[in-house]
Structure formats: C-alpha cells, structure tokens
Amino acid sequence: MGLLKLRRLLVVLILGLLIGVTTAGGGSGKCGFPAVYNFGDSNSDTGGISAAFNAIQPPNGETFFRRPSGRACDGRLIVDFIDKTSIPIKRIARPQEFSKALYTFDIGQNDLAYGYQHSSEEQVRASIPDILNTFSEAVQQLYKEGARYFWVHNTGPIGCLPYSILYNKSPDNRDSNGCVESQNEVSREFNRQLKSRLLKLGKKLPLARIIHIDMYSAKYLLITEAKTQGFVKNPVKFCCGSYYGYHIDCGKREVVNGTVYGNPCKDPSRHISWDGIHYSEAANLWIANHILNGSFSDPPLPIDKACRAPSYA
C-alpha cells in the first residue's frame, strides 16, 4: 500500500467526533439520530489526528475551549454545530444504534492539498478517481457494518485558502475574489466526480440514504460576501501564524530581525481563515448556519431530517 493511500485510510478510520444528538425524541418529523459519526480531514477532526500524530498546540482552541481541543481552529468546527446544546462527547453509542446513526463526511481538501505539494495540477486532477475509489470503499464498508444514513460534504474552494494564494503568485490565475482559479477548477472537478460517485453508491446500496452538501458553494458565498458579513475582505489575511517568505504554523512563534511572527490576531471572529489553511470558528458557524438547514443539500433536506432522503436504488 502506498504512503498516500495509507494516509487516506488512516484519516478515514479515525473517528473525528462521536456525539449523542438531543433530537432523540423524534418529534416534528425529525429523525432522532442517537449518534453522529464524523469522518474527515483536519477541517472536521475533533481530536483523532492530534492524538494519533502531532498534538495541536496553543493558541488553537483559545476562543471557545480556552485551551487546545484537538481542533485546528480557534474554537469550534462545523461538526460541533450539528447539535448546538450538546456537549461534544456525551457517551459512546451502543452497537445496536449503529444503523440508526448519522455518518458525516468532510473530504477532499487534504487530498488535493497533498497533491499540490508533491505534483502538478494535472497530476492532482488525474488522481481524483483514485481518491474517490478509496472514499467509495470506505462508505461500502460502513454500509456492511450497518450504516444507513450519510451526510457528505464536497470539497471547498481550495484556491481561496490564503496558503494557496500566497504560494501561487501569478496574477493571471486569479478570479474576482483573488482566489487561485486553476485550483478551484480542480476542486469543482473533484465535486463533479464525487456527486456522480454518490449517485452510483446510492443505486448500489439500496438501504442507504445519502445527502450531498455543496460545501464549495457555501464557502465561496462566504468569501464573496466577506465584508458585508463582518469579515475582513483581504483574501490572504489569516489570524494565526504568519508569512514572511514562508508559512509559520499556528502555535509556532519565531523572531526575525526583532519582529515576532506567529502570534494570533486580536479578533479571530473577523477572519474567515484561522491559520491560512483552516477556517475560524466564526466562519464555521456562518457555514453551519447555511448548510445544516438544507439550503445547500441534494436532496434539499436539513440535517435533522436526513433519514428521509429517498433511495436511489
């Protein structure tokens, strides 16, 4: 097994979040999922990656948790807002609840970003089917174990990440928001293929209920309307870490010619990007409020009614 495929498999196998959902009564037509299992990259991981590899350091977590919480963010992630009254980990779900739980996925960004670091854009685009084959295998394995309800985010506009913008200098490769257009086109191609793959999975797995969430459109809308929504407009502005010829990870401070780099900004809520790669809590909350109600879902159902998605079989 190659290193990249092993890395993807490890990410799939790490449970980012396991929570009890307070809609268990099932009133008002809600599904009453007894648990939510989250699988994804560092945008949605709530501690698995940090525990297994490198522990996330301060000032991550400073906004909400007041300490590092395993999240690459100043506070909460989108998955934390699935149930706004709940404690992130209430209890471990019982095996008999596995088939009634909701399985959420947030994939793509890490795979594409890893590709850009080690290959050309053409090679990254060519790798998409392999990435989705791995994802498809994971969904089918979960289905065999009893999973039935799937809430799947497509990938966001990776070309709008400050990290991507800072490392792609060509002004001819910019869209109206200053994002790297060629990388966003690869993200859109990934999403086109993901949607096609989900349709095939729905037909292959007759008891599965799959909802596809257009995370790309939600995040791009936020970036487009950043200023009117109270965020700084500058697309390369991020809160934690710095850039003076190369990127400094959030939580790492360095002094260069008497200047301290790496201290977080005073008001993370004004920034869409926390560290140049991951979104801030304020941005995550904005996105959550726009996707959990079904506005960007196909079929157009809110998350608490995801069990009512039609079968594709």
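Only this structure's heavy atoms are used, side chains among them; waters, hydrogens and symmetry mates stay out.
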Looking only at side chains, do [X] and [Y] share a donor and an acceptor under 3.5 Å apart?
{"X": "N38", "Y": "T104", "result": "yes"}
{"X": "S127", "Y": "Q123", "result": "no"}
{"X": "D106", "Y": "S44", "result": "no"}
{"X": "T155", "Y": "Q109", "result": "no"}

Closest approach of [X] to [Y] (non-hydrogen atoms, all atoms of both residues):
{"X": "P310", "Y": "P299", "answer": "CD-CG, 3.7 Å"}
{"X": "V180", "Y": "S164", "answer": "CG2-O, 3.7 Å"}
{"X": "N184", "Y": "G159", "answer": "OD1-N, 2.7 Å"}
{"X": "I78", "Y": "A288", "answer": "CG2-CB, 4.2 Å"}
{"X": "L161", "Y": "G276", "answer": "CB-O, 3.8 Å"}
{"X": "L102", "Y": "I303", "answer": "CD2-CG1, 3.6 Å"}

Legend entry - Contact list for residues 282-313, test disulfide bond (SG atoms under 2.5 Å apart), sequence neighbours left out: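 Output for this query lists C31-C307.
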Inset, instruction - Could you name each residue pair satisfying disulfide bond (SG atoms under 2.5 Å apart) that touches residues 144-173, not counting sequence neighbours? - result: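 Sorted pair list: C160-C179.
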With the side chain counted from C-beta on, respond yes when [X] and [Y] share a heavy-atom pair under 4.5 Å apart, and no when they do not.
{"X": "Y312", "Y": "L201", "result": "no"}
{"X": "N43", "Y": "H278", "result": "yes"}
{"X": "F135", "Y": "D130", "result": "no"}
{"X": "S187", "Y": "L112", "result": "yes"}

Legend entry - OH-CG distance between Y163 and N168, expressed to the nearest 0.5 angstrom: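 Y163 OH to N168 CG: 10.0 Å, rounded to 0.5 Å.
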Legend entry - Electrostatic pair D214-K195, nearest N-O below 4.0 angstrom: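 No, this pair does not count.
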Legend entry - Sidechain N-carboxylate O distance under 4.0 Å for R188, E185: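 Yes, this pair counts.
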According to salt bridge (charged side-chain N to carboxylate O under 4.0 Å, His left out), who are the partners of [X], at least two apart in sequence or on a separate chain?
{"X": "K203", "answer": "none"}
{"X": "D267", "answer": "none"}
{"X": "E189", "answer": "R192"}

Legend entry - Sequence neighbours excluded - salt bridge (charged side-chain N to carboxylate O under 4.0 Å, His left out) pairs with any residue from residues 216-234: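 Passing the test, one end in residues 216-234: no pairs.
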Legend entry - Linked hydrophobic residues, Y216 as query - side chain contacts closer than 4.5 Å: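 Besides Y216, the cluster holds Y220.
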Legend entry - Cysteines C240 and C265 with SG distance under 2.5 Å: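 Judged by the SG atoms alone, which are 2.5 Å or more apart, C265 and C240 are not bridged.
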Who are the side chain to side chain contact (heavy atoms under 4.5 Å, CB included) partners of [X], not counting sequence neighbours?
{"X": "L207", "result": "Y143, R148"}
{"X": "N60", "result": "I56, C250, W274"}
{"X": "K237", "result": "V232, N234, H271"}

Inset, instruction - Go through the structure and list residues passing ring pair (Phe, Tyr, Trp, His ring centres under 6.0 Å) with Y149, not counting sequence neighbours. - result: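 With neighbours one apart ignored, the set is F33.
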Legend entry - Set of ring pair (Phe, Tyr, Trp, His ring centres under 6.0 Å) partners for H212, sequence neighbours left out: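 Partners of H212 by the ring pair (Phe, Tyr, Trp, His ring centres under 6.0 Å) criterion come out as none, since no residue qualifies.
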Inset, instruction - Quick one: sort the Y103 and F150 rings into parallel, tilted or perpendicular, breaks at 30° and 60°. - result: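 Correct class here is tilted.
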